[in-house]
Amino acid sequence: MEPVGARPCASPWPAGWTRGAAPPARPAPANPRHAEGHGWSMAGVLTRQADDFPQWYQDVLNKAELADNGPARGTMVIRPYGYGIWERMQADLDRRIKRAGAQNAYFPVLIPLSYLQREAEHVEKFSPELAVVTHGGGEQLAEPLAVRPTSETVINVFMAKWIHSYRDLPLLLNQWANVVRWELRPRAFLRTAEFLWQEGHTAHATREDARAYALRVATEVYRDFMREVLAIPVFLGRKTRRERFGGATNSISCEAVMRDGKALQMGTSHELGQRFAQAFDVAFQDADGIRQFAWTTSWGVSTRMVGGLIMAHGDDGGLRLPPAVAPVQVVLMAVTADGGAAAALDGVGAGLEAAGVRIHRDARVDLSYGRRVVDWELKGVPVRVVVGPRELAAGQCSVTRRDTGAAEKVPLGEAVARCQALLAAIQRDMLVAATAERDARVVDAATVPEALSAAETGLARIPWSAVGEAGETELNAHGATVRCLQAADGSVPASEDEAGVVALVARAY
RNA sequence: CGGGGUGUGGCCCAGCUUGGUAGGGCGCCUGGUUCGGGACCAGGAGGCCGGCGGUUCAAAUCCGCCCACCCCGACCA
């Protein structure tokens with residue numbers, strides 16, 4: 001007997017993905033070319049999102065050449081095209097982080113295990129996912145070394161060494177690094193045993209300063225980056241006690257909604273109070289000569305954002321990339337090998353390059369036209385410029401945008417300017433579209449059962465007073481979580497107990 | 001830790017019940033015809049059938065042990 005719906009698969013990624021979840025209703029494809037009756041279909045190329053979203057994600061990873069599974073369970077190889085996206089994210093974030101005053105540094109990947117144990121809640125939360133090195137050079141180590149799951153501990157040791165006076169504060173550090181967390185349910189980009197991220201660590205003289213900085217990073221660095229560069233709108237909110245980072249006094253998170261209605265935590269910024277400072281003796285003398293503990297923060301975003309980008313924008317044709325992070329912004333291709341198409345495209349390409357646009361010339365005329373088109377659609381290249389005999393005869397090129405599928409004929413002489421305008425429009429329109437789609441998935445709820453029902457297809461807004469710790473337990477028992485808490489006006493509340501606080505509830509990756 | 005399942009070219013799988021020269025699709029290589037939405041034809045490369053042992057004239061197939069991975073549950077969050 002054949003188990004219905006069984007999909008044997010050697011890959012570890014899709015494991016348990018749809019556990020208990022009914023496939024939510026899906027919106028109509030954003031790309032009109034894929035609509036019923038239009039004739040062009042990606043059938044056979046990609047699993048449709050509505051049929052099996054996790055399989056669609058897996059197909060996109062493979063066909064857009066984003067990532068492969070690593071040899072060790074839970075590890076991932078990021079392929080050049082996927083890494084190109086990450087590099088674009090890194091470059092922009094790095095600028096924003098520096099604009100916020102932080103400087104880059106680098107701390108070791110191996111951390112003495114005893115460091116991890118100095119802050120009680122920190123070690124409690126991270127122990128289950130630690131990878132520990134016990135041998136080196138063929139000898140058992142006197143003290144095991146943890147492979148960093150995050151670097152608060154080692155960085156605080158050095159903050160303690162470097163900070164003496166209030167004049168040394170604030171100390172604003174950031175590092176780009178890899179971290180390892182032993183995950184039992186890995187999912188490519190979203191939860192991998194090893195991932196790449198940036199982790200910021202700061203020390204401040206006052207609680208107010210630390211709090212303001214953690215919020216500043218969450219808004220000016222993370223939220224703005226996600227909106228302006230990734231074209232993904234996020235809810236900024238406060239984590240509940242249960243969802244808080246191990247060792248934090250407050251965690252602020254950026255929560256995005258994917259196209260299957262599930263939420264994804266795209267980034268977090270934590271107030272650590274004086275807990276790490278006390279554990280690691282990060283202290284300074286204030287202007288009055290009084291010795292005080294510093295107030296610290298930490299904040300990070302990771303390669304998980306690549307997964308979020310895929311799932312927030314991708315459609316049945318594959319990836320859709322906002323121009324700001326697209327490794328290739330415009331692809332140029334000829335329909336056939338003969339004629340003067342190549343020369344015409346060279347001219348447009350040279351103009352685009354001179355204008356600073358990232359282009360790719362697809363010279364593979366030995367492949368069928370359809371094959372090449374599908375390739376670039378799968379890869380989400382924002383704009384495609386095509387020249388064939390028809391265009392050539394008219395002195396034009398065909399310019400097609402990936403986000404809407406809209407195509408137009410443009411005189412060759414105007415192609416560069418038109419592409420630039422389109423790239424700007426796509427960047428804007430993708431945010432507008434993603435925002436509309438997200439908002440359509442947000443439902444107001446008054447009770448925990450109502451919130452659970454709404455979480456089947458999206459995100460529920462429910463008064464936190466109607467949930468509480470008991471309600472949160474109930475939600476968790478049914479696969480939903482409180483993603484974050486917001487004040488009535490959408491801002492980040494200073495405490496859970498503020499009047500009018502609203503909980504955003506969803507199933508999450 | 002308990003229950004269930006799967007290991008066969010790069011990928012997905014058939015073959016196993018009833019032992020008898022290792023197959024198909026996709027991908028890859030060559031040549032040709034094609035090329036306006038994943039083309040077609042022909043030829044070709046590529047496999048200690050997860051490992052060890054057993055039964056047998058003969059094992060991918062039957063038996064035993066082991067390993068790895070996956071699913072459900074438990075645990076954790």
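Computed from a predicted structure; not experimentally measured. When reading the values below, keep in mind they use all heavy atoms of this one structure, side chains included, and skip hydrogens, waters and symmetry mates. Just so we're on the same page: letters track the sequence lines, and every chain starts at 1.
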CA sep, side-chain torsions, deciding dist, call: A/Tyr115, A/His122, side chain to side chain contact (heavy atoms under 4.5 Å, CB included)
CA-CA 10 Å; A/Tyr115 283 20; A/His122 192 63; over 6 Å; no

So A/Asn62, base contact, sugar-phosphate only, or nothing? Heavy-atom distance under 4.0 Å.
nothing

Got a donor-acceptor pair under 3.5 Å from the side chain of A/Arg384 to the base of B/G37?
yes

Please work out which of the three classes, parallel, tilted or perpendicular, describes the rings of A/Phe280 and A/Phe276, given edges at 30° and 60°.
parallel

Spacing of the C1' atoms in B/C12 and B/G2 (rounded, Å)
31 Å

In whole Å, measure the gap between the C1' atoms of B/C48 and B/A60 for me.
12 Å

Defining pairs by Watson-Crick or G-U wobble geometry with both distances under 3.5 Å, how would you list the stems of RNA chain B with at least three pairs each?
B:1-7 with B:67-73, B:10-13 with B:23-26, B:28-33 with B:39-44, B:50-54 with B:62-66

Roughly how far apart, to the nearest Å, are B/U6 and B/C16 at atom P?
14 Å

When the P atoms of B/G23 and B/G4 are compared, how many Å lie between them, rounded to an integer?
35 Å

At 4.0 Å (heavy atoms only), tell me whether A/Glu391 reaches a base, stays on the sugar-phosphate, or touches nothing.
base

Under the salt bridge (Lys or Arg N to Asp or Glu O under 4.0 Å) rule, collect the residues that match up with A/Arg358, sequence neighbours excluded.
none

It should be established whether A/Ser368 places a side-chain nitrogen or oxygen under 4.0 Å from OP1 or OP2 of nucleotide B/C35.
no

